[in-house]
Trainee: 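Structure below; questions to follow.
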Amino acid sequence: MAQASGELTRYLELTPKSRAMWQEATEYLPGGDSRHSIFWEPYPIFVTEASGCHVTDADGVERLDFINTMTTLILGHAPLTVMQAVHEQLDRGVVYNAPNEHQIRLAKLLCQRIPSFDLVRFTNSGTEATLNTIRAARAFTGKNLFAKVEGGYHGTHDAVSISVRVDLQQAGDPDRPKPVAGSAGLADGVLDQVVIIPFNETEIARRILEENKDQLAAVIVEPVMGSVGMVPGSSEFLTMLREITQDNGIILIFDEVISFRVAPGGAQQYYGITPDMTSLGKVIGGGFAVGAFGGRQDIMELYDPTKGAKVSHAGTFNANPVTMLAGAVTLEQLTPEVYRDLAELTEELRQGIRDVCNELEVPVQATGLGSLFGIHFNDGPIHNYRDVARDNSALRNQVFLGMMNEGVLMASNLVGGLSTVISKDEVAAFLEAFKKVLERQR
Ligand SMILES: Cc1ncc(COP(=O)(O)O)c(C=O)c1O
């Protein structure tokens with residue numbers, strides 16, 4: 001890694017205006033921004049413009065976008081159909097104190113496509129969506145505990161801010177992971193309400209769930225773990241979760257905020273496993289702030305004001321017409337063929353990553369499903385958080401900055417999601433850049 005600092009030097013040369021903007025931002029915003037997930041050392045770029053698969057930063061550097069706003073923009077930036085529809089809606093008002101017709105259009109599309117959706121409600125974020133799935137499960141079952149996967153990210157509310165990026169020194173035995181606070185300031189007692197299970201470790205997870213089954217209201221899981229680096233669940237693991245929850249009156253929640261990208265009906269359709277409740281976000285808002293939760297009629301009816309509304313749910317901007325329309329227009333373009341093409345192209349990318357690393361003798365695992373991909377510099381198979389924790393993080397950081405220098409944007413943990421405006425040419429450009437960057441690290 002002789003030239004390890006070369007990437008940083010080049011990054012600093014390429015981004016002086018972003019650096020100045022970030023320095024100004026830090027005077028008003030802690031850390032210079034409002035999202036931890038898009039901070040990287042030494043500072044992030046400031047984007048001034050984006051179109052299709054390109055983003056341009058404050059210094060005029062154009063990059064290929066392979067992350068698409070944490071996998072949100074499946075049609076790329078500013079797709080014409082969505083933009084035209086939104087412009088027309090803006091002339092008719094942005095948000096009303098009454099329901100709007102676009103909400104029905106999007107709700108219908110979701111209920112038709114997603115196996116677990118009898119009914120759906122909208123929110124402004126995935127965080128609010130997972131909060132509601134867990135709240136609904138508690139209200140429905142009258143129980144309190146819930147289980148989550150070690151390393152799983154489900155947003156920023158207290159209940160799920162546990163065992164996300166865990167320091168393995170504190171995480172306990174792999175056979176019995178301990179809940180670890182993921183933030184300061186969580187309410188007293190939240191750690192006692194969570195049971196942690198390891199992803200894709202079917203027998204260990206089954207034993208832990210068995211031990212707690214009488215107290216568990218819910219199990220929440222991402223069928224493809226985004227936060228850990230696009231790691232797909234095994235059918236065996238997800239089937240075990242479905243069976244044990246069904247047998248014990250526990251609500252199975254799929255958090256498909258990211259994995260909804262995998263198939264028209266989400267990863268649940270891909271795996272053929274139907275949960276009781278599902279949370280959504282990202283793609284379904286067509287680029288606007290969104291979340292949704294839905295599921296079984298008997299659970300969702302807890303939200304029905306004509307039936308007493310046992311669970312409270314409001315939000316000034318919930319289901320606003322702009323987001324609903326953008327989401328509906330986006331989903332209408334996502335035919336089964338689009339998903340198939342995206343999956344094929346992404347597999348080409350994953351295989352290309354493996355081939356480059358093979359040639360350069362760099363241990364790698366390229367993970368993902370459908371249009372989602374993750375790169376792990378790791379010589380062992382990747383099943384869960386503890387496997388990913390062994391990735392070569394020094395190389396990962398260099399490759400991230402190197403790819404930025406070569407004009408390719410990913411998440412700083414080297415994950416991404418393709419958009420429909422990425423073609424074989426952009427995949428080839430990605431692989432060429434990836435090879436150059438890895439060669440520089442020798
Ligand atoms: C799986 C998952 N759940 C929930 C969330 C939270 O969504 P939001 O950022 O819209 O609050 C995210 C965000 O990245 C996510 O990846």
Side-chain angles (χ1 to χ4, degrees), residues 33-39 67-74 114 116 121-137 146-165 182-183 194 199 218-233 238 241 252-262 266-268 270 275 277-295 313 315 317-320 323 326-327 330 367-374 384-385 388 410-417:
D33 189 34
S34 304
R35 287 170 75 191
H36 276 164
S37 48
I38 54 166
F39 176 77
I67 178 61
N68 287 296
T69 314
M70 283 303 177
T71 73
T72 300
L73 302 170
I74 197 161
I114 302 178
S116 65
R121 272 197 162 225
F122 293 102
T123 63
N124 296 299
S125 66
T127 292
E128 294 162 80
T130 64
L131 181 155
N132 273 285
T133 53
I134 293 170
R135 182 178 284 174
F146 76 97
K148 81 175 275 292
V149 163
E150 187 171 57
Y153 178 70
H154 304 290
T156 54
H157 56 98
D158 272 19
V160 293
S161 296
I162 292 169
S163 295
V164 182
R165 292 231 166 119
S183 170
V194 188
F199 196 57
V219 174
I220 185 167
V221 63
E222 276 187 282
V224 182
M225 282 189 79
S227 51
V228 159
M230 306 306 174
V231 181
L238 296 172
L241 293 183
L252 179 62
I253 303 166
F254 275 6
D255 180 355
E256 296 232 41
V257 168
I258 285 184
S259 66
F260 182 63
R261 258 180 172 263
V262 165
Q268 57 196 265
Y270 174 87
M277 296 286 286
T278 301
S279 53
L280 298 175
K282 301 200 193 286
V283 165
I284 65 156
F288 292 81
V290 80
F293 59 97
H313 178 233
F317 297 99
N318 287 359
N320 70 75
T323 304
T330 299
T367 56
L369 194 64
S371 57
L372 302 166
F373 71 93
N384 55 37
Y385 178 81
V388 173
M410 283 182 278
S412 57
N413 63 344
L414 305 188
V415 305

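Just so you know, ligand 1 is whichever comes first in the structure, and atom 1 is the first atom listed for that ligand.
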Trainee: For ligand 1, would you mind listing the residues that have at least one heavy atom less than 4.0 Å away, ordered by chain and number?
Mentor: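 Residue list for ligand 1: Ser125, Gly126, Thr127, Tyr153, His154, Gly155, Glu222, Asp255, Val257, Ile258, Lys282.
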Trainee: So, do Met225 and Tyr385 sit near enough that their side-chain heavy atoms are less than 4.5 Å apart?
Mentor: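 No. Closest side-chain heavy atoms not under 4.5 Å.
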Trainee: Say whether Thr133 and Ser279, considering side chains only, have a donor N or O and an acceptor N or O under 3.5 Å apart.
Mentor: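 Side-chain D/A pair, Thr133 to Ser279: absent.
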Trainee: Could I get the full list of side-chain contact (heavy atoms from CB on, under 4.5 Å) partners for Tyr153, not counting sequence neighbours?
Mentor: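 By the side-chain contact (heavy atoms from CB on, under 4.5 Å) rule, Tyr153 matches Thr156, Val164, Ser227.
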Trainee: Measure from the side-chain N and O atoms of Lys148 to the backbone N and O of Ser163, and report whether any donor-acceptor pair falls under 3.5 Å.
Mentor: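 Here the side-chain-to-backbone pair exists.
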Trainee: Report the C-alpha separation of His154 and Phe146 in whole Å, then their side-chain angles, then the decisive distance to 0.1 Å, and conclude whether the ring-ring contact (aromatic ring centres under 6.0 Å, His included) test is met.
Mentor: CA-CA 13 Å; His154 304 290; Phe146 76 97; 8.3 Å; no
Trainee: Any side-chain heavy atom of Ile134 sitting closer than 4.5 Å to one from Val160?
Mentor: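 Side-chain contact under 4.5 Å: yes.
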